[in-house]
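This report concerns only the one structure given below.
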Amino acid sequence: MIFAFLCMLLMCCSNVSEKRNMELLSSDSLNVSEDSIILDVDSVPLYAKNIIEAYPNFDLKYSNNSLIFADGTTIVCDDGRDKSFVDRLDNCDIEDMFSNSYDINSAMPLYLNDCGRGRCEQLFKKMYGGNETEVRRNLISVDWFGQKILFTIVNGAAKQLSIVASELAKQPQLHKYLINASSFYWRKVRGANRQSAHSYGIAIDINTTYSNYWLWSNPKCSETDKIRYENHIPIEVVKVFEKHGFIWGGRWYHYDTMHFEYRPELLSRKQR
């Protein structure tokens, strides 16, 4: 009797254990399946996530290789074309904007790494304005070391520039690099048929007296030539701008050390 009772007890325990293991296995399998379904339905590239998270006011969504605005406007992320370096600048899609990483640690840009110099015009015109009149509607004056400069309120750009000014104001030894600045100007990039970042009210050029530009130092060079790098802007200035969402033209191989541009999507910790 005792032996029979012990056998029944062991069988019951085994059944309970097996049932629990099956429940756990079923639960784990369900979680994996759900995750897989979510990834299969909407696998969002990291560059698209960077755009969505950097510009939350537009309530952007991603689907089928496109960014979708709240009003239904869609912008194709990757046009699938195999482009040369210059073509990526002149006909930049969203994926092309992330063809290189913005490196905040390198003392000198790598050959042809101009991360941020390319802009998807359809995206930027949708956010900031498709022409000068539309852009001007969103410009306000920002106090900048004795000047009033125009900057857009879209995406909080003007607010971030004001914060940069407040922080740099605490370091008087840097002020000489910051005066005589310029900002909004609806125009094409010099020598190209694409819109300058200054057209959107998201860029500021600081004192040209202490600035370097790749063509000034390398006259007659083409976009793909090897060039000599020069910079006289203190890294302390650069770090404050970058802290608040601005990239620096001095980190481009085709450097423009006076140039700072509000591009928080490129300063995300996410990598391509």
Side-chain angles (χ1 to χ4, degrees), residues 34-81 83 88-102 104 114-140 151-164 184 186 194-204 241-248 260-272:
E34 286 177 348
D35 288 344
S36 299
I37 290 170
I38 291 170
L39 290 174
D40 289 342
V41 170
D42 197 12
S43 182
V44 183
L46 289 180
Y47 62 79
K49 289 182 180 178
N50 287 351
I51 296 283
I52 291 168
E53 293 177 9
Y55 304 115
N57 292 341
F58 285 99
D59 192 25
L60 292 163
K61 301 291 188 297
Y62 176 88
S63 181
N64 297 323
N65 190 34
S66 295
L67 284 180
I68 306 170
F69 284 77
D71 65 1
T73 299
T74 62
I75 298 177
V76 173
C77 289
D78 183 2
D79 60 19
R81 291 175 48 198
K83 301 173 186 174
R88 281 201 304 271
L89 294 175
D90 290 337
N91 300 286
C92 186
D93 63 22
I94 292 172
E95 188 267 345
D96 292 330
M97 287 169 28
F98 296 83
S99 58
N100 296 115
S101 296
Y102 184 82
I104 64 172
D114 285 357
C115 183
R117 193 166 166 234
R119 307 168 194 92
C120 175
E121 287 206 352
Q122 188 180 4
L123 174 65
F124 279 73
K125 287 182 176 180
K126 175 62 180 176
M127 291 196 296
Y128 297 107
N131 55 53
E132 182 174 357
T133 300
E134 290 180 359
V135 174
R136 282 189 177 276
R137 291 184 188 132
N138 293 311
L139 300 180
I140 62 170
F151 229 69
T152 185
I153 61 172
V154 178
N155 293 321
K159 179 180 178 181
Q160 293 304 107
L161 186 64
S162 294
I163 295 172
V164 170
F184 171 72
W186 182 268
R194 59 184 184 273
Q195 215 62 36
S196 164
H198 291 277
S199 300
Y200 307 116
I202 60 171
I204 178 173
F241 270 101
E242 290 177 335
K243 177 182 174 183
H244 298 290
F246 290 80
I247 62 170
W248 176 43
F260 292 89
E261 181 177 334
Y262 188 65
R263 298 288 295 281
E265 79 278 10
L266 298 177
L267 291 161
S268 168
R269 292 182 181 179
K270 291 184 177 66
Q271 297 298 311
R272 178 180 167 79

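For reference, positions follow the sequence shown, starting with 1.
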To the closest 0.5 Å, what do you measure between [atom1] ([X]) and [atom2] ([Y])?
X      : Y      : atom1 : atom2 : value
Ile94  : Gln122 : CD1   : CD    : 7.5 Å
Ser99  : Tyr47  : OG    : OH    : 11.5 Å
Ile75  : Asp93  : CD1   : CG    : 11.0 Å
Arg194 : Leu89  : CZ    : CG    : 4.5 Å
Glu95  : Ile51  : CD    : CD1   : 11.5 Å
Cys77  : Asn64  : SG    : CG    : 10.5 Å

For the pair [X] and [Y], find out whether any cationic side-chain nitrogen is under 4.0 Å from an anionic carboxylate oxygen.
X      : Y      : value
Lys49  : Glu53  : no
Asp96  : Arg81  : no
Arg263 : Glu265 : yes

*Under the criterion side-chain hydrogen bond (donor to acceptor under 3.5 Å, both in side chains), which of Tyr55, Tyr128, Tyr200 is the partner of Asn155?*
Tyr128

Do the non-hydrogen side-chain atoms of [X] and [Y] ever get within less than 4.5 Å of each other?
X      : Y      : value
Arg136 : Trp186 : no
Leu266 : Asn50  : no
Ser199 : Val135 : no
Leu161 : Tyr262 : no

_Stepwise side-chain contact (heavy atoms from CB on, under 4.5 Å) test for Leu123 and Phe69_ = CA-CA 10 Å; Leu123 174 65; Phe69 284 77; 3.9 Å; yes

*Would Val154 and Ile202 satisfy side-chain contact (heavy atoms from CB on, under 4.5 Å), going step by step from the backbone distance to the final call?*
CA-CA 9 Å; Val154 178; Ile202 60 171; over 6 Å; no

*Please report the C-alpha distance between Leu267 and Ile247 in whole Å, then the side-chain angles of each, then the deciding distance to 0.1 Å, and finally whether the side-chain contact (heavy atoms from CB on, under 4.5 Å) criterion is met.*
CA-CA 8 Å; Leu267 291 161; Ile247 62 170; 4.2 Å; yes

[X] versus [Y], closest heavy-atom pair with distance:
X      : Y      : result
Leu139 : Gly201 : CD2-CA, 4.1 Å
Pro45  : Tyr62  : CD-CZ, 3.3 Å
Gly118 : Cys92  : C-SG, 3.7 Å
Lys83  : Asp79  : NZ-OD2, 2.8 Å
Cys115 : Met97  : SG-O, 4.2 Å
Phe184 : His198 : CD1-O, 3.3 Å

*Using atom types as modelled and distance alone, determine if a side-chain donor or acceptor of Ser162 lies under 3.5 Å from a backbone N or O of Ala158.*
yes

*Any donor-acceptor N/O pair, Asp71 side chain to Thr73 backbone, under 3.5 Å*: yes

*CA sep, side-chain torsions, deciding dist, call: Tyr102, Glu242, side-chain contact (heavy atoms from CB on, under 4.5 Å)*: CA-CA 11 Å; Tyr102 184 82; Glu242 290 177 335; 2.5 Å; yes

_I'd like to know whether NZ of Lys159 has more than 12 heavy-atom contacts from other residues, nucleotides or ligands below 6.0 angstrom._
no

*Determine the interplanar angle of the Phe246 and Phe241 rings, folded into 0 to 90°, and report it as parallel if under 30°, tilted if 30 to 60°, perpendicular if over 60°.*
perpendicular

